[in-house]
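A note on names: the letters A, B, ... follow the listed sequences, proteins ahead of strands, and every chain is numbered from 1.
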Amino acid sequence: MTQSSPYILVDGSSYLFRAYHVPYLQALSTADGHPTGAITGVLNMLRSLNKDYPDGKVIMVFDAKGKTFRNDLYPEYKANRPPMPDDLRCQIAPLHNIIRAMGYPMLVIEGVEADDVIGTLAEQASAQGLETVISTGDKDMAQLVTEHVTLINTMTNVTMDVDGVVEKFGVRPDQIIDYLALMGDKVDNIPGVQKCGPKTAVKWLTEYETLDGVVANADKIKGKIGENLRAAVEQLPLSYELATIKTDVELEKNLADIEASEPDTETLRSLYEEFELKRLLADLNAGSVPATQEDAATANDAEELTPLNQDIPSNYQIIYREDELDEWIVKLIKSGCFAFDTETTSLNYMQAKLVGLSFAIEPGEAAYLPIGHDYDDAPEQLSLELVLSKFKPLLEDETLLKIGQNLKYDANVLNNYDITLAGIGFDTMLESYCFNSVATRHNMDALAEKYLDYKTVHFEDIAGKGVKQMTFNQIDIDKAGHYAAEDADITLRLHQVLWPKLEKSEKQCSVFTDIELPLLPVLARMEQHGVLIDADLLNEQSQYIATRLDEIEVAAHNIAGKSFNLSSPKQLQTILFEEQQIPVIKKTPKGAPSTAEEVLQELALDYPLPKLILEHRGLAKLKSTYTDKLPLMIDGQSGRVHTSYHQAVTATGRLSSTDPNLQNIPIRSEEGKKIRQAFVAPDNHKIVAIDYSQIELRIMAHLSNDPGLLNAFAQGRDIHQATAAEIFNIELDDVTNDHRRSAKAINFGLIYGMSAFGLSKQLGIPRGRAQDYMDKYFERYPGVLTYMEETRQLANEQGYVETLYGRRLFLPEIKSRNGARKKAAERAAINAPMQGTAADIIKKAMLAVDAWLTVENDPRVKMTMQVHDELIFEIHEDIVDEVTKKLVQIMNDAVELKVPLIAEFGIGDNWQQAH
DNA sequence: CTTAATGCGTA
DNA sequence: GTACGCATTAAGG
């Protein structure tokens with residue numbers, strides 16, 4: 001945020017042309033046929049700009065009719081341009097009228113172009129040291145960028161400062177005119193050097209700085225292109241002049257005298273009515289709501305989006321007849337790429353029955369194909385068999401791209417009908433996640449609100465909620481049809497907004513294209529295959545725990561002298577701290593005496609009751625979460641447990657797992673291990689678990705480039721032992737278990753962005769000692785310290801950090817004035833590149849493993865689970881050794897780091913043994 | 001019936 | 001001190 005409000009100079013003409021060419025805006029017109037797409041586009045852009053810069057002083061600038069000084073310089077200027085189409089021309093006057101009625105100052109100066117007026121105003125602002133933002137879709141304006149002048153393309157929300165210009169064009173803003181002159185411009189008919197494109201222009205300017213420099217050295221340039229340059233020398237000054245935006249246009253008013261006026265709501269209302277601008281009319285009637293500071297803050301994270309998709313008529317069709325279906329199938333095939341969605345009876349993909357399909361090929365052009373609505377007097381629908389037989393080829397066609405929202409679900413459902421979804425082209429959930437993993441939840445309703453400013457029909461709106469909620473097959477087809485068609489429609493529109501955003505960043509795009517999207521079918525296969533659970537073993541364990549819990553309860557009640565609920569912290573407080581008069585060690589944030597684990601641990605040394613409570617808590621949790629629950633989650637059909645892996649949940653890029661969560665199965669306690677024993681291999685198979693050893697520390701070594709750390713890993717040392725030797729300044733062989741434990745705590749702590757305070761607590765040592773350890777660590781591994789400081793700084797500067805592969809994690813709290821929150825965000829900034837890179841790596845490994853499995857096509861090997869740094873397989877015992885060896889190799893070679901990547905394996909009859 | 005707070009399982 | 005999901009209780013409607 002700049003201190004005084006910036007001037008926002010809007011290149012209205014460039015937006016007008018761009019909006020006119022946006023396909024889905026071209027459909028817009030009033031009922032009597034007056035086109036309004038370009039008007040809508042420009043006004044939407046303006047609305048978004050206002051939201052981004054609530055304090056900005058907006059000045060609208062348009063080209064005037066007729067010739068300009070450039071035509072005097074060069075009669076051929078823009079001679080190749082076709083005349084303005086009538087359906088655009090007729091939108092100009094209404095747009096001007098609306099903008100005037102809105103109260104914006106508007107400049108239309110004859111004899112010069114909008115660019116020149118903007119250049120002049122920007123120059124005036126800069127002279128006064130005022131900030132200026134130029135809103136334009138025209139890249140030529142890059143020549144105006146300075147320390148005080150930035151560009152924003154409000155249609156794509158890309159901003160550009162001096163560094164941005166260098167990044168985008170490869171030359172500085174002050175070289176842009178030279179750059180444009182060299183290249184010339186076909187559309188504007190500006191001559192340049194034949195065959196000189198951006199690459200050549202940048203090359204020359206990098207070497208010779210300016211156009212004059214290039215011309216002076218023209219003799220040195222070899223080949224045909226050198227000849228072309230020499231042939232153009234005469235012309236180049238003219239090209240330069242034509243490409244130069246004026247900054248000294250004579251204006252009637254000075255910048256300071258240009259002021260906005262009050263909106264003329266009556267005129268606006270009549271104009272909005274005349275041109276049927278319903279959304280603006282609604283805004284007007286609601287009283288315009290100023291954008292909040294919070295909105296502005298998120299907008300500045302360079303991730304807020306421009307809703308251009310509003311006010312689009314939607315034409316939703318419900319397909320009942322075979323000829324209608326055939327027509328749609330032709331349309332879908334011709335489209336080459338369509339949005340699609342399934343409607344089913346359940347969120348559980350194993351149990352879900354298909355109720356209908358929906359598609360969209362253009363925004364607003366969508367259809368719903370009902371097949372399984374079975375309420376009383378439901379209209380007759382096409383049969384499932386007919387529909388699937390016609391759709392199977394389309395859905396399995398690699399070359400026919402599908403756009404979906406969470407396509408993994410649809411793929412899983414279709415799999416139940418023997419359809420293997422292929423041509424998974426885009427998934428809007430993953431697009432949103434790769435673009436910004438923390439901005440919203442990535443469900444369709446949230447995305448539509450955020451990115452399209454559109455409120456969708458929610459499932460609850462048509463199905464009801466709570467126990468009375470209907471399943472989709474019970475819902476009235478008309479209602480269901482609108483909902484379903486909208487789903488496909490909105491998915492398509494979201495894709496049209498999100499994809500261009502994602503494409504702006506090559507790295508983010510690559511995370512989507514090379515990691516997340518290909519991982520989708522891999523996860524789908526793992527989910528479908530499921531894991532085998534020994535229910536009898538778990539039930540047995542449940543019984544045992546139940547008995548033990550009863551014993552504990554009786555004992556606890558005896559000590560307390562009364563009956564109470566052991567799992568109620570509140571009742572426990574009363575018993576422990578009031579009735580038993582046990583001293584209060586720690587209080588909860590709200591001031592109540594804490595009964596947290598660590599408190600009870602300490603009290604357990606002196607009192608019997610806390611010890612019982614601890615055991616009770618542990619066992620009760622184990623029983624309810626795992627031993628009772630897991631057997632209930634076995635699918636009746638497959639006899640296995642099918643989790644859901646969520647690909648768009650975590651901020652860092654990890655997967656998460658639910659229903660059940662297979663990523664938090666106990667491992668440490670004895671009782672916990674029993675649960676892993678229940679994850680068994682099928683007959684004649686083994687469970688193989690392969691996990692990455694110290695992956696996050698290895699990544700820290702890679703990212704920090706610290707020689708000591710790199711060396712320790714290169715030599716295959718026990719990293720905690722090596723660290724201990726360094727910190728305590730002793731020989732490797734003299735490292736005791738205690739030393740190693742301390743070093744391990746430091747190593748882990750560093751990954752979490754820990755402070756000396758945290759370390760002291762972890763190790764139970766004084767703060768000063770902890771600080772000494774850390775100082776010593778950083779002294780021995782200075783690269784790590786530098787890396788941490790740089791990461792922190794980077795996070796502060798750009799508001800996000802990146803993984804090795806370009807996954808981006810935004811940290812909105814990094815700008816918080818609340819010290820604690822800011823600190824927490826900084827710790828997250830330290831952790832995210834390491835945790836996130838580890839997530840990227842195992843995802844890449846899963847892709848490599850899956851690729852190999854696909855080639856082998858051997859049903860005796862299945863990848864069944866992922867637990868962050870570990871992959872679990874079921875492998876037939878005949879081939880288990882060789883396959884495991886191969887899998888370890890694939891995981892080791894999944895990526896190349898500056899340190900070796902080591903995967904370790906275990907083989908057993910169950911998951912516990914395999915560890 | 002939903003939500004927040006607490007506690008605890010994993011990497 | 002990072003990142004999650006789930007069970008439970010208690011409070012709000």
Quiz item: For A:Tyr773, which of A:Arg769, A:Lys776, A:Gln771 qualifies under side-chain hydrogen bond (donor to acceptor under 3.5 Å, both in side chains)?
Solution: A:Arg769
Quiz item: Taking only side-chain nitrogens and oxygens of A:Thr625, does any of them come within less than 4.0 Å of OP1 or OP2 of C:dC6?
Solution: no
Exercise. Look at A:Glu516 together with A:Lys843 and state whether they make a salt bridge at an N to O cut-off of under 4.0 Å.
Key: yes
Quiz item: How long is the line joining CE of A:Met834 and C1' of C:dT2, in whole Å?
Solution: 9 Å
Quiz item: Does OP1 or OP2 of C:dG1 have a side-chain N or O of A:Lys761 closer than 4.0 Å?
Solution: yes
Quiz item: Which part of the nucleic acid, if any, lies within reach of A:Gln762 when heavy atoms closer than 4.0 Å are counted: base, sugar-phosphate only, or nothing?
Solution: base
Quiz prompt | Sugar-phosphate only, base, or nothing, as touched by A:Lys629 at under 4.0 Å among non-hydrogen atoms | solution = sugar-phosphate
Exercise. Identify whether any heavy atom of A:Ala838 sits under 4.0 Å from a base atom; if not, whether one sits that close to sugar-phosphate; answer base, sugar-phosphate or nothing.
Key: nothing
Practice problem: Please work out if A:Ile665 contacts a base, only the sugar-phosphate, or nothing of the nucleic acid, heavy-atom cut-off 4.0 Å. | Solution: sugar-phosphate
Self-check item: Length of the line joining A:Asp869:CG and C:dC4:C1', which is rounded to integer Å
Solution: 14 Å
Quiz item: Across the strands shown, which category fits A:Ser669 at heavy-atom distances under 4.0 angstrom: base, sugar-phosphate, nothing?
Solution: nothing
Quiz item: Quick one: A:Ile872 CD1 to B:dT10 P, roughly how many Å, whole number?
Solution: 14 Å
Quiz item: Base, sugar-phosphate alone, or nothing: which one does A:Asp691 contact when heavy atoms must sit under 4.0 Å apart?
Solution: nothing
Exercise. Evaluate whether atom NZ of A:Lys744 has more than 12 neighbouring non-hydrogen atoms of other residues, nucleotides or ligands under 6.0 angstrom away.
Key: no
Quiz item: What integer distance in Å separates A:Tyr692:OH from B:dT10:P?
Solution: 23 Å
Quiz prompt | No-hydrogen, no-angle side-chain donor-acceptor test under 3.5 Å, A:Gln663 and A:Gln866 | solution = yes
Practice problem: Using only side-chain N and O atoms of A:Arg827, determine if any of them is under 4.0 Å from OP1 or OP2 of C:dT2. | Solution: yes
Quiz item: Could you state the NZ-P distance from A:Lys744 to C:dG1, rounded to the nearest angstrom?
Solution: 19 Å
Quiz prompt | Salt bridge A:Arg548-A:Glu551, side-chain N to carboxylate O under 4.0 Å | solution = yes
Quiz item: When we call it a touch if two heavy atoms are under 4.0 Å apart, what does A:Phe748 touch: a base, just sugar-phosphate, or nothing?
Solution: nothing
Self-check item: Distance in angstrom units between A:Lys621 NZ and C:dT9 C1', rounded
Solution: 14 Å
Quiz item: Rounded to whole angstrom units, what separation is found between the CD1 atom of A:Ile613 and the P atom of B:dG7?
Solution: 13 Å
Practice problem: For A:Leu619 and C:dT8, give me the distance from atom CG to atom C1', rounded to whole Å. | Solution: 16 Å
Quiz item: Quick one: is A:Arg668 getting a side-chain N or O under 4.0 Å of the B:dA11 phosphate, OP1 or OP2?
Solution: yes
Quiz item: If you look at every strand shown and take non-hydrogen atoms under 4.0 Å, does A:Ile667 touch a base, only sugar-phosphate, or nothing?
Solution: sugar-phosphate
Practice problem: Confirm from the modelled atom types if A:Asn661 and C:dG5 form a donor-acceptor pair under 3.5 Å, side chain to base only. | Solution: no
